[in-house]
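In what follows, every chain begins at residue 1, and chains take the letters A, B, ... in the order their sequences are listed. Please read all numbers here as calculations on a predicted model, not as lab measurements.
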Amino acid sequence: MGYLGPGRSGAFEWLFQRVSGVVLLVILGLHFILLHYTGGGPVTYEAVAPRLADPYYKGLQLLFLVLGLYHAMNGIKLVIDDYVHREGWRILLTSLNWVVCLAFGLFGAVTVLTFQVRP
Amino acid sequence: MQSVTFTILRYDPAGGGEPRYQDFQVNITKPGMMVLDGLNQIRWEQDGTLAYRRSCREGVCGSDGVNVNGANMLTCVTHIEEVARKGRVVIQPLPGLPLIKDLVVDLEDFLRKYFTVKPYLITRAPAPDKERLQSPAERRRLDGLYECILCACCSSSCPSYWADPEYLGPSALLNVWRFIDDSRDEGAQERLDILDDHHGAWRCHTILNCVEACPKGLNPTKAITGIKTALLKRKF
Ligand code: SF4
């Protein structure tokens with residue numbers, strides 16, 4: 001049965017899965033601290049919106065988005081590689097994995113980039 | 001006298017037809033009977049057509065790996081009472097390998113992968129007058145590696161091995177690390193060239209079935225981690 005991965009060895013994918021995992025944990029921690037332990041008061045639109053509109057925070061969100069999608073998609077691909085043994089299903093699911101990932105990426109990027117504070 | 005039901009997957013290539021399960025009653029005639037004793041009782045006293053491999057009957061030859069109640073093991077070192085569930089043991093051939101007859105699988109491809117990784121000492125320096133010496137610490141690094149008996153319990157328990165017919169598998173990878181990590185060996189680079197491939201070390205997704213399956217208590221996943229680390233050090 002055909003191998004549906006990159007023509008490469010898989011070394012980079014292995015390493016970057018670990019690197020992205022660690023970075024995701026750090027960003028997630030940062031996100032929780034920012035959201036729940038800074039600024040005091042209840043988490044309202046007025047409190048959160050200015051931060052979401054901040055270009056640096058947008059950068060962080062985009063990094064989170066890209067790494068999260070990469071990590072998830074790579075993980076799902078490995079599961080497909082190991083547990084989907086029929087070639088047709090494997091091609092279908094691997095393609096679907098790509099489509100879903102790109103769609104989420106586009107959707108997320110548009111959401112993050114176009115966010116503005118509404119009075 | 002107590003008896004245990006052996007449910008065995010039978011397959012006869014000559015007779016045609018699909019593999020099917022057949023029940024046998026095994027009498028527990030003495031304490032501490034092994035699964036192999038049960039198979040022998042069936043073959044010698046009930047059905048001489050039952051095919052299975054065995055040789056040394058003490059966990060050294062590695063020929064009697066089968067799947068018992070869902071886990072790969074050697075029949076000669078597994079007590080019946082250890083694995084019997086409600087008085088029954090279900091015995092199947094090792095999964096993921098071509099079936100020849102009953103419990104006998106084709107190990108040709110498994111062994112071809114073993115030889116692919118050059119499982120022998122490679123040296124450039126001319127041979128010394130006496131043996132090639134190792135310090136006790138260097139020798140200790142080979143513990144947990146050299147004991148492999150090539151029973152195939154690990155590779156045939158691995159979902160990545162089932163899914164990818166070209167994957168070298170945990171057994172070949174453990175055996176190649178035994179030489180890469182050997183202080184006397186100088187063939188590391190040519191072996192790492194073979195392993196740096198999506199059918200090589202990187203195909204391992206750390207599922208750890210191999211560690212559970214190994215009847216010798218070896219840890220192929222740890223060996224593969226050694227290979228991956230060596231490959232990364234070489235690359236990045
Ligand atoms: S590593 Fe263990 S399970 Fe795998 S072939 Fe060697 S002895 Fe058998």
Which portion of B:Leu232 sits near chain A, non-hydrogen atoms under 4.5 angstrom: side chain
Greater than 12 external heavy atoms within 6.0 Å of A:Gln116's CD: no
More than 12 heavy atoms from other groups under 6.0 Å of NZ on B:Lys216: yes
Greater than 12 external heavy atoms within 6.0 Å of A:Arg51's CZ: yes
Shortest non-hydrogen contact between A:Asp81 and B:Ala163, atoms and distance: O-CB, 3.2 Å
Exceeds 12 heavy-atom contacts within 6.0 angstrom, atom CD of B:Glu212: no
Closest heavy-atom pair and its distance - B:Trp202, A:Gly10: CG-C, 3.9 Å
Interface moiety of A:Leu78 toward chain B, non-hydrogen atoms closer than 4.5 Å: both
Heavy atoms from other residues, nucleotides or ligands near OH of A:Tyr56 exceed 12 (cutoff 6.0 Å): no
Reported CH2-to-CG distance for the pair A:Trp14 and B:Leu231, which is rounded to 0.5 angstrom: 10.0 Å
Engaged part of B:Asp197 at the chain A interface, taking heavy atoms whose separation is under 4.5 Å: backbone
With A:Ser9, the side chain to side chain contact (heavy atoms under 4.5 Å, CB included) member among B:Lys235, B:His199, B:His198: B:Lys235
Greater than 12 external heavy atoms within 6.0 Å of A:Phe16's CZ: yes
